[in-house]
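Step one of this worksheet: look at the structure below.
Small disclaimer: the values here were computed from a predicted structure and weren't measured. Numbered from 1 within each chain, the chains take letters A, B, ... in sequence-line order.
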Amino acid sequence: MSTTTRDPKAITPKSEDFDRWYVDVVRRAELADYTPVGGCMVVRPYGWGLWENVRDALDAMIKRTGHENMQFPLFIPESLLTKEAEHVEGFAPEVAWVTQGGQKKLEERLAVRPTSETIICTLYADWIHSWRDLPVLINQWANVVRWEKRTRLFLRTTEFFWQEGHTFHETTDEAKFEVEQMLGCYRELAEEWLAMAVIPGRKTESEKFAGADYTMSIEAIMSDGLALQSGTSHHLGQNFTRAYNITYTGRDNTVQHPFQTSWGLSTRIIGGVIMSHGDDRGLVLPPRVAPVQVVVVPIERSNDPEGTEAVRAACVRLEEEAAGRVRLRVDRREGHRPGEKYAHWELRGVPLRIVVGSRDLAEGSVSLVRRVDGAEMRLPLGEVGERLPALLDEAHVLLRERALKLLEDHSREVATLDELRGAFADGPVFANAPFCDRPECEVEVKAAVHAVTVRCLRTDRSGEGRPCLACGTPAEHIAVIARAY
RNA sequence: CGGGAAGUAGCUCAGCCAGGUUAGAGUGCACGGUUCGGGACCGUGAGGUCGCGAGUUCGAAUCUCGCCUUCCCGACCA
């Protein structure tokens with residue numbers, strides 16, 4: 001009868017139902033939850049702590065590359081939003097409108113910002129006058145709203161949190177450099193901080209940001225073989241600066257429109273971290289952003305007061321040695337057995353676990369278990385503290401190697417549409433193919449395999465003039481073709 | 001927004017088809033005790049306007065309609 005009853009303490013295995021596994025992990029690890037507001041999630045302290053660490057790492061890169069943070073309004077008057085035609089058309093279906101303030105109906109509707117190019121351009125039209133005012137290099141951390149039809153925790157919610165960088169430059173080459181530089185920051189964040197495997201590239205015309213000349217992205221691979229667009233960087237050319245009449249007097253005393261870029265990375269990346277690394281026990285967090293990097297589980301026995309005292313002293317010692325270097329937490333909760341605590345912190349993806357028990361302690365050592373691969377080791381109590389940073393780095397490297405192997409195992413080289421079909425016969429993959437980048441060929445590619453799209457044209461590889469998989473003409477690019485979130 | 005499924009305790013679910021005492025189980029939670037090297041055990045206890053709103057009925061978790069939310073498959077998208 002009740003064969004469908006599941007162990008409420010277990011999470012759905014990945015292999016059984018990946019989507020349910022994902023939701024189970026997000027909720028059980030207390031990263032985020034649903035709210036009474038349709039399509040909107042609440043990010044809980046553990047999830048927000050993770051985001052803060054991601055944010056801080058990226059914020060440092062944004063500052064390092066010369067940008068300053070500022071803050072723009074949440075609301076955008078309709079008349080401002082609608083000046084750049086392509087942009088308006090792109091966002092129209094997903095803009096939320098405020099039509100009333102208090103009891104009074106507004107004379108002009110206010111959009112809840114879906115992104116801030118329009119308000120930023122409106123303001124900078126007043127602030128940019130001379131080539132000496134350029135470049136403008138700014139960023140804001142903010143929430144934005146897009147009325148999505150179908151939402152998923154972290155991956156696509158009506159309201160989400162991100163940073164949006166906006167810059168204005170004298171030349172298109174400068175803007176181009178900026179676009180690539182910031183995509184590089186996203187790649188650095190994904191690889192060096194989040195241990196993810198990503199592919200950088202340029203979006204096709206049909207996939208680019210509405211209003212951009214071109215869009216760059218990093219595409220990450222999830223452990224079910226699907227792609228996740230994890231950061232985007234746009235060259236806006238002069239599309240907005242013309243529409244919003246931003247002009248400056250150039251070095252040659254002529255009136256010019258600046259070239260513009262924008263780039264963003266959102267809380268979606270948290271979903272990427274979960275789906276890149278998680279396993280059937282729950283989260284596996286990248287050490288450099290994990291809110292808790294090391295958890296210490298003391299083993300105490302009520303019939304062994306001396307041993308317990310030694311265990312407690314060892315825990316205090318570890319705390320003191322970790323202070324300021326490693327985010328370490330001692331799980332001193334009473335009434336929970338050790339095994340329960342192991343499961344608790346494994347679900348939350350803590351990279352390293354130290355078990356302090358009197359048995360090991362009698363020999364002056366403690367046990368240490370690595371979350372990513374379950375490797376166990378015994379280390380002298382006196383050495384553990386100073387070795388933690390290196391152990392965390394090792395865990396990062398292992399996680400990154402595993403992610404790269406995932407990408408390698410799911411990558412295929414195809415030369416024709418038939419080979420493309422064959423590559424997807426046994427499940428989702430990243431298919432690499434010579435591609436001419438003509439819209440007609442993109443349509444053919446999408447028609448060849450269910451639900452695939454051209455994710456990007458790789459910037460780290462060239463088509464070398466080999467025949468396009470669709471039309472056979474010499475192709476400049478290697479396209480990554482995959483199913484995506 | 002189209003097609004499908006589901007909403008009963010924090011979680012996983014039974015009960016609904018054939019309406020009828022005080023709505024159940026496991027797990028979790030609180031307290032006490034025994035435990036403690038991989039999700040312990042005993043005892044006590046708290047916890048539910050059965051998603052929301054109408055309707056049918058003497059009587060609705062159960063039947064009907066509407067709405068909301070979530071999940072799955074599409075179309076759209078960071």
**Message:** Any base atoms under 4.0 Å from A/Tyr342, or only sugar-phosphate, or nothing? Heavy atoms, all strands.
**Reply:** base
**Asked** Taking RNA chain B as the partner, which of residues 268-282 of chain A come within under 4.0 angstrom of it by heavy atom?
**Response** A/Arg268, A/Arg281
**Prompt:** Donor-acceptor pair under 3.5 Å: do we get one between A/Arg27's side chain and the base of B/G10?
**Reply:** no
**Rounded interatomic separation in angstrom, taking CD1 from A/Ile11 and P from B/G10** = 22 Å
**Prompt:** Across the strands shown, which category fits A/His450 at heavy-atom distances under 4.0 angstrom: base, sugar-phosphate, nothing?
**Reply:** sugar-phosphate
**Asked** Within the structure shown, what part of the strands sits under 4.0 Å from A/Gly39 by heavy-atom distance: base, sugar-phosphate, or nothing?
**Response** sugar-phosphate
**Request:** Indicate, with a heavy-atom threshold strictly under 4.0 Å, whether A/Ser266 touches base, sugar-phosphate, or nothing.
**Result:** base
**Request:** Using a heavy-atom cut-off of under 4.0 Å over every strand shown, decide if A/Arg146 touches base, sugar-phosphate, or nothing.
**Result:** base
**Request:** Name the nucleic acid region contacted by A/Leu265, choosing base, sugar-phosphate or nothing; use a 4.0 angstrom heavy-atom cut-off, strictly under.
**Result:** nothing
**Request:** Scan A/Thr157 against the nucleic acid and name what it touches under 4.0 Å (heavy atoms): base, sugar-phosphate only, or nothing.
**Result:** base
**Item:** Main-chain N/O of A/Gly278 paired with A/Lys14 side-chain donor or acceptor, under 3.5 Å
**Value:** yes
**Residue-level proximity of residues 355-378 of chain A to RNA chain B when a heavy atom falls under 4.0 Å** = A/Val355, A/Gly357, A/Ser358, A/Arg359, A/Asp360, A/Ser367
**Prompt:** A/Gln229 near the nucleic acid: base, sugar-phosphate alone, or nothing, with a heavy-atom cut-off under 4.0 Å?
**Reply:** sugar-phosphate
**Prompt:** Using a cut-off of 4.0 Å on non-hydrogen atoms, how would the nucleic acid contact of A/Phe209 be classed: base, sugar-phosphate, or nothing?
**Reply:** nothing
**Asked** Do A/Glu30 and B/G10 share a donor-acceptor pair, side chain to base, under 3.5 Å?
**Response** no
